[in-house]
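Have a look at the structure below, then the notes.
All of these numbers come straight from a predicted model, not from anything done at the bench. Order of the sequence lines fixes the chain letters, A, B, ..., with proteins taken first and strands second; residue numbering starts at 1 for each chain.
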There are 2 protein chains.
Amino acid sequence: MAYVDRGFNSGGGRISPTSAEFARAGIQNDCTLRPARHPQHSVLFYEGDKAERVYELDEGVVMLFKLLPDGRRQVVEILNAGSVFGLSAGEVYDCSAESLTPVKVSTLDRNSLETSPSLQRHVTRCLLSQLETLHDHAVLLGRKSAMERVSTFLMRLVPNRGGFGCVGPTEEAGEDSRSVTLHMTRQEIADYLGLTIETVSRVISEMKRKGLICIDRQDQIRIVNICRVCQMTGMH
Amino acid sequence: MAYVDRGFNSGGGRISPTSAEFARAGIQNDCTLRPARHPQHSVLFYEGDKAERVYELDEGVVMLFKLLPDGRRQVVEILNAGSVFGLSAGEVYDCSAESLTPVKVSTLDRNSLETSPSLQRHVTRCLLSQLETLHDHAVLLGRKSAMERVSTFLMRLVPNRGGFGCVGPTEEAGEDSRSVTLHMTRQEIADYLGLTIETVSRVISEMKRKGLICIDRQDQIRIVNICRVCQMTGMH
DNA sequence: CCTTTTGATTGATCTGGATAAATTCGGTCG
DNA sequence: CGACCGAATTTATCCAGATCAATCAAAAGG
């Protein structure tokens, strides 16, 4: 899938700061919990970096991704406010983290992570929800068609519909049409859904043609008929 | 401990203390542990069942899988001794669990799970290693070819090669050839790798033809040249 | 303004893996 | 031992999605 990775050198050629640079900038010392802000397309850490901090996302959206040596990319997680990330089983991060929007992140203290039961419960809850999301995503990547993948992706963006609780064909009027913001380019969506950019584009066009969705703006999609889209996810 | 559990290497290397050890250390009370044995192909729980027990695998291999309404199946995890499973973010299990071999499992006490910091650390370590395995698996499902998937699968079965540390072309003689046990039918492998049974079969035949592997028994494969196989995983 | 760049869309073709249909292998039971 | 049955393999097509190649549209920059 040899393409030039935009994420790594976005914004006019400058390579995004490494976590080493963040550390140098003195954003915080080890045992504090001071929030930091980063603009869109900031790389918070790279796969293989020494895993020395654990983050909690306060605002914004972050994606975690992995690269193969030949440049193929897979986005493995999309994280929203409340998510804990950067915890690693080994010495180094197993994937890279990049902000999809401007973000506010806190650093969690490694020591209290080990000792505070309430913080541990919080972390466990986060990890469990990530695990379940990844299980769902494995089904998507391993078994779903392009149309099903894109439909699933759109439904996940609808608040309170992450679990796709489709209430039925006759629902409160107006509730059937919802607008969602992607926060992602077509390339990022493709790398998340295990497709090519062209296939994503084609599927979105087809959904538009069928009147299922409207493209208000490039990254703003209005789902005209939630229930119809919901039924195309392969889960109903 | 630096060793990262890929969630999938068979053989001796135990990862972190099992609950049996916690029990010995007096961390849990008596009624928490009920070690039980189940034969091969036992379903320990179904997706959607009320999630009332948390398990720890003491011996054997367990697979977790999800089904789509039309019958498509995706195996989302393969678990070895030491893994904790059955913890759920919600009220119910998000996937089903079935033994691939005869297994011995313990049940963890929900109460100590919430309160014991050392048990929590243990659980967190397990979850993190599962998370990393799932990240790798997302790359496999989203971006790898059939040949790369099967090669990766075989390499994961080689103990101490979960991370695919290929030592180089000239390695201690004999060490270059290893035998692995699959514990899975072709159908289960296919459902794990996001392929069909036919494709798995064809790829295995091709590897056999090329002299990369030997099929000693149906579920027993001898990897004749680890390094060659290692290079076909897409990661080198 | 016009030019350049970047991302999205569309079209034409190709192909890896799916599908379908025999065939062979490995047990098991009578 | 031989008949039988399910799983695995093999072989022959088929098609969804990849690849290759323009084209279009919106910003960015001079």
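- One interatomic measurement links the two molecules: CD1 of I215(B) to P of dC25(C), which rounds to 15 Å at whole-angstrom precision.
- Within 3.5 Å, no donor on the side chain of R149(A) pairs with an acceptor on the base of dG17(D), nor the reverse.
- Using cut-offs of 30° and 60° for the angle between ring planes, the Y192(B) and F153(B) rings count as perpendicular.
- Going from atom CG of D191(B) over to atom C1' of dA18(C) covers 14 Å, rounded to whole Å.
- At least one donor-acceptor pair closer than 3.5 Å links the side chain of K144(B) to the backbone N or O of T233(B).
- The CD-C1' distance, from E198(A) to dA18(D), rounds to 8 Å in whole Å.
- Ion pair K210(B)/E206(B) flagged as a salt bridge, since at least one NZ, NE, NH1 or NH2 atom sits closer than 4.0 Å to an Asp/Glu carboxylate oxygen.
- For Q218(A) and dA27(D), the shortest distance from a side-chain N or O to OP1 or OP2 is not below 4.0 Å.
- For the side-chain contact (heavy atoms from CB on, under 4.5 Å) with S179(B), the lone residue among D216(B), I223(B), L157(B), I221(B) that qualifies is D216(B).
- We find that CG of L195(A) is positioned 11 Å from P of dT19(D), with the value rounded to whole Å.
- dA8(C) atom C1' lies 17 Å from atom CD of Q220(A), rounded to whole Å.
- Regarding I197(B), its CD1 atom lies at a distance of 14 Å from the C1' atom of dA21(C), rounded to whole Å.
- Taking atom CD of E188(B) as the reference point, atom C1' of dG6(D) lies 15 Å away to the nearest angstrom.
- Closest to the side chain of A146(A), out of dG17(D), dG17(C), dT9(C), is dG17(D).
- Between the side chain of R202(A) and the base of dT19(D), at least one donor-acceptor pair of N or O atoms lies under 3.5 Å.
- Applying the 4.0 Å criterion to OP1 and OP2 of dG17(D), one finds that T199(A) has every side-chain N and O outside that range.
- Taking every side-chain heavy atom of T196(A) into account, dT19(D) is the closest of dT9(C), dT19(D), dT9(D).
- Backbone-only engagement by S205(A) is indicated by non-hydrogen atom pairs under 4.0 Å involving sugar-phosphate atoms exclusively.
- Checking side-chain atoms of E188(A) against main-chain N and O of T185(A) turns up a donor-acceptor pair under 3.5 Å.
- A straight line from CD of E206(B) to P of dG16(C) spans 11 Å, rounded to a whole angstrom.
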